[in-house]
Amino acid sequence: MEKKIFIGAAWPYVNGDLHIGHLAGYLIPCDIFSRFSRLCGYETLMVSGTDCHGTPITLEADKKGVKPQDIVNEYTPKIHYLIKLYDISFDIFTATLTENHHKITQEFFLRLLKNGYIIKQKTLQYYSPLENKFLPDRYVEGKCSFCGAEGQRADQCEKCGRVLEPGQLINPLSNLTKKPVILKETDHYFLDYSKLQDKIERYVRENKHWKYWVYEETISWLKEGLKPRPITRDLDWGVKIPDQEIPETLRLEGSENKRFYVWFDAVIGYFSASVEWANKNNRDWREFWQNENCYHYYFMGKDNLIFHTIFWPGQIIGQEMNLNLPYFPCVNQFLFLEGQKFSKSRGIIIDSIEIGEKYGIDEVRFYISSILPENKDSDFKWKEFEQKINGELVDNLGNFIQRVLIFYRDKLDNRLLNKEIDNEIKNKIENTYFKVRKKLERCEMISSLKMIFELIKEGNKYLEKNEPWKKEKKDSEKIIFNSLLVIVNLSYLLNPFLPHFSKNLRKMINLEEINYQIGKDQFKINFEEIEKIKIADYQPLFRKIKL
RNA sequence: CGCGGGGUGGUGGAGUAGGACCACGCGGGUCUCAUAAGCCCGAGACGCCGGUGCAAAUCCGGCCCCCGCAACCA
């Protein structure tokens, strides 16, 4: 049976513009991986969408005095534009607002309920008598009962760092109305992870190929022991609880004012988006979700780690439907800007759309790819951005291509009679494919890119060593033939990283755009296309940038 | 002492006991097919303190710093 790849990229909240941290954290890595997978000939399904629920959205709405829906409407088009701009190869990019998603989330819940993984539990929550509703922790502030700091949020004191439980705030106020709030009992569903602990643990221990720190972090959570985790909260924005389908004795008190917790519904989006894709394309979601030859890759930032290595696998296992579990969670650390955390309020931010439009998509993709926070936090530096683009993209790659193509066109009249393969070059290209494939299978993007640039360097050395400009025509043809071999293969090797470059280069040398044909492995040395190379109008592929 | 991950030239990485390596950047030289590009040479580093070893970036102990779990946030 044919190997398939499923790719789930984290779902961005629609409560603000996306900055380059989002690009580095999951959008660019997942796109590199998806293009690589497609080049290898695997049928690939890549899904994501906007996460429209949760307190980040309602907070933003309350701050602006509008409805959550207005916030969603404001930011959704911008995110869609960004994805199109950077050519992120999603097969579907949907939203958690869809009817399909709400229905499937409810079905997930009902199956967990039926299978005995859901329990009801009462907890104490802050309640505003004035507004007649429960308030999430982030809406309540007061004095910390440990250190006495004023104006602290109900979940944690910033001053002393202590995590606060309900009731540990003195004189709690609603930060919407600034009126007092009280503690009141409230009824919620919990997903009882203690019942899933053994199965999750067995699953995790079978996956020692994860990044070391991802595996260790997950194991440390398991060692502490999993506890029931609330899946509903008192909020009027989100997926409703399907009361009609719940036996009366199991219903929640006041459930019409409760919604599923955003962590619970957001990850189900990976599945619901797949179903939506299947329906729209007349396909069967089981090909990707109930298929032992389908490997599931997920891309996210480290704050999402545990949701993808424990909570989401638990939700899947609890379905008891034999659904595919995550095979490789590609977790990235964080990207900083000149040593500081991104912060909208302090103006430490680079808007993904602005930088792409100003300096070029592949330019940004290239720099970000070379500094991805794969195993530890990394830093975006403007100076380095300029240096890397000018030094590597332009001087190394762009110039190599230009010196070969111009020579081929002007000195050899777009024709080669001597097509003798130089084994040294052939081996270097084959070796690069081999090593890059190994690396990309493990989502090691930085070192893959580095290896490809080593090949380009070899190309420049090859020209320097053989000096075609000093040779007789027959000899210089051989040198240029082998240099063109490098160039054609760069259009494949670099395709996952720099799709526009790959497309533009191929167009310029009279080759058709790469077609990701299912079942055909194109991630290997290609000799045939050199015959077809003709250069009419030469245009430099990269230009130096100046900040 | 809450738990987990991390700290190697200016920058980013490789290296789990025996010559500290690679890329970019920097300094110098050189070719001229090419986008003042290319190629060659050079300088420059193991967070701090202590321990074990013939020998420590690597093993052990203590400390400091950064990040996540857990703020506007991937």
Side-chain angles (χ1 to χ4, degrees), chain A residues 9-13 15-16 18-27 29 56 59-60 63 137-138 152-153 155-158 161-164 211-221 223-224 299-307 331-336 339 341-346 348-349 370-379 381 383-384 387-388 390-408 410-411 444 446-447 449-451 453-454 457 459-471 476 479-480 483 538-544:
Chain A
W11 294 49
Y13 274 129
N15 65 330
L18 299 188
H19 54 69
I20 53 167
H22 297 86
L23 285 180
Y26 57 96
L27 290 174
L59 270 174
E60 180 78 10
K63 211 161 74 187
D137 291 345
R138 286 158 76 159
Q152 297 305 316
R153 288 209 336 233
D155 50 355
Q156 185 185 19
C157 173
E158 282 182 43
R162 297 192 75 140
V163 176
L164 302 177
K211 291 182 188 183
Y212 175 76
W213 56 275
V214 171
Y215 184 81
E216 288 300 314
E217 173 84 16
T218 305
I219 291 291
S220 89
W221 272 73
K223 274 188 192 150
E224 293 215 4
F299 292 79
M300 78 220 79
K302 63 179 161 183
D303 55 340
N304 259 318
L305 188 155
I306 222 65
F307 292 98
V331 190
N332 280 302
Q333 307 253 2
F334 284 163
L335 183 69
F336 287 71
K341 262 189 139 172
F342 284 104
S343 164
K344 224 180 288 178
S345 52
R346 285 186 296 140
I348 300 165
I349 195 137
S370 73
I371 59 162
L372 290 175
E374 284 176 349
N375 291 306
K376 59 183 180 186
D377 298 332
S378 67
D379 207 9
K381 297 191 198 72
K383 181 107 190 351
E384 195 182 60
Q387 276 176 347
K388 285 235 183 192
N390 291 342
E392 296 191 47
L393 270 190
V394 183
D395 293 348
N396 229 301
L397 174 60
N399 181 53
F400 171 67
I401 289 170
Q402 172 155 330
R403 61 198 298 209
V404 174
L405 295 187
I406 297 277
F407 196 98
Y408 174 68
D410 294 351
K411 302 278 195 308
E444 292 175 24
I446 297 175
S447 53
L449 190 57
K450 207 169 137 185
M451 282 169 184
F453 272 77
E454 276 164 22
K457 214 173 166 57
N460 272 319
K461 280 187 194 173
Y462 179 74
L463 287 177
E464 203 66 33
K465 202 172 93 192
N466 293 291
E467 302 179 302
W469 50 89
K470 283 187 182 167
K471 297 278 165 63
S476 59
I479 299 158
I480 295 303
S483 302
Y538 179 83
Q539 287 294 321
L541 292 159
F542 295 108
R543 293 280 189 188
K544 293 215 177 189

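Sequence lines set the chain letters: A, B, ... in the order given, protein chains first and strands last, and positions in each chain run from 1. The analysis underlying the following values was restricted to heavy atoms, covering all of them including side chains, and did not include hydrogens, waters or symmetry mates.
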Counting side-chain heavy atoms from C-beta on, which of [options] comes nearest to [X]?
{"X": "A:Q387", "options": "B:rA37, B:rC33, B:rG25", "answer": "B:rG25"}
{"X": "A:N396", "options": "B:rG38, B:rU32, B:rG7", "answer": "B:rG38"}
{"X": "A:W213", "options": "B:rG68, B:rU35, B:rG5", "answer": "B:rG5"}
{"X": "A:D303", "options": "B:rC67, B:rU35, B:rG68", "answer": "B:rG68"}
{"X": "A:E384", "options": "B:rG68, B:rA34, B:rU11", "answer": "B:rU11"}
{"X": "A:K381", "options": "B:rU35, B:rG68, B:rG12", "answer": "B:rG12"}
{"X": "A:F334", "options": "B:rC67, B:rA37, B:rG6", "answer": "B:rC67"}
{"X": "A:E216", "options": "B:rG68, B:rG5, B:rC22", "answer": "B:rG5"}
{"X": "A:E464", "options": "B:rG12, B:rC24, B:rC31", "answer": "B:rC31"}
{"X": "A:E454", "options": "B:rA34, B:rC22, B:rC39", "answer": "B:rC22"}

Q | Between B:rG12 and B:rA17 - P atom distance, rounded Å | A |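 Roughly 26 Å separates the two P atoms.
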Q. Rounding to the closest angstrom, what is the interatomic distance between B:rG5 and B:rC73 at atom P?
A.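 Here B:rG5 and B:rC73 have their P atoms 28 Å from each other.
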Partner of [N] by Watson-Crick or G-U wobble geometry, both contacts under 3.5 Å, or none?
{"N": "B:rC54", "result": "B:rG18"}
{"N": "B:rG2", "result": "B:rC69"}
{"N": "B:rG61", "result": "B:rC49"}
{"N": "B:rA34", "result": "none"}
{"N": "B:rC26", "result": "B:rG42"}

Q. When the distance from CG of A:D377 to P of B:rC66 is rounded to whole Å, what number comes out?
A.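 Interatomic distance, CG of A:D377 to P of B:rC66: 12 Å.
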Q | Spacing of A:N399 atom CG and A:L463 atom CG [to the nearest 0.5 Å] | A |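 Rounded to the nearest 0.5 Å, the CG-CG separation comes out at 9.5 Å.
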Q: Evaluate the side-chain proximity of A:L18 to A:L23: yes if any heavy-atom separation is below 4.5 Å, no if none is.
A: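 No. Closest side-chain heavy atoms not under 4.5 Å.
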Q. Heavy-atom distance under 4.5 Å between the side chains of A:K381 and A:I371, does that happen here?
A.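 Result no, sub-4.5 Å side-chain heavy-atom pair not found.
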Q | Residue whose closest nucleotide on RNA chain B lies nearer the 5' end, A:V394 versus A:K461 | A |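 Residue closer to the 5' terminus by nearest nucleotide: A:V394.
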Q: Name the residue closer to the 5' end of RNA chain B, choosing between A:K457 and A:E224 according to the nucleotide with the nearest heavy atom.
A: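 Nearest-nucleotide comparison on RNA chain B picks A:E224.
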**Q.** Is_stacked (A:F407, B:rC33) at 5.5 Å, 30 deg
**A.**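 No; centroid distance or tilt outside limits.
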Q | Distance-only donor-acceptor test, A:K223 side-chain atoms vs B:rC3 base atoms, 3.5 Å | A |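 By the distance-only test, no, there is no pair.
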Q. Is A:N399 side chain donor-acceptor paired with the B:rA34 base, going by distance under 3.5 Å alone?
A.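 Answer is yes: a donor-acceptor pair is held.
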Q.
Under 4.0 Å, counting only non-hydrogen atoms across every strand here, what does A:N15 touch: a base, just sugar-phosphate, or nothing?
A.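 Here A:N15 touches the backbone only, sparing every base.
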Q.
Do the side chains of A:E217 and A:K211 get close enough for a salt bridge, i.e. N-O under 4.0 angstrom?
A.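 No, no charged N to carboxylate O under 4.0 Å.
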**Q.** Main-chain N/O of A:Q333 paired with A:D377 side-chain donor or acceptor, under 3.5 Å
**A.**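 No; zero donor-acceptor contacts below 3.5 Å.
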Q | Within 6.0 Å of NZ in A:K544, more than 12 heavy atoms from elsewhere | A |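 Counting other residues, nucleotides and ligands, NZ of A:K544 exceeds 12 neighbours.
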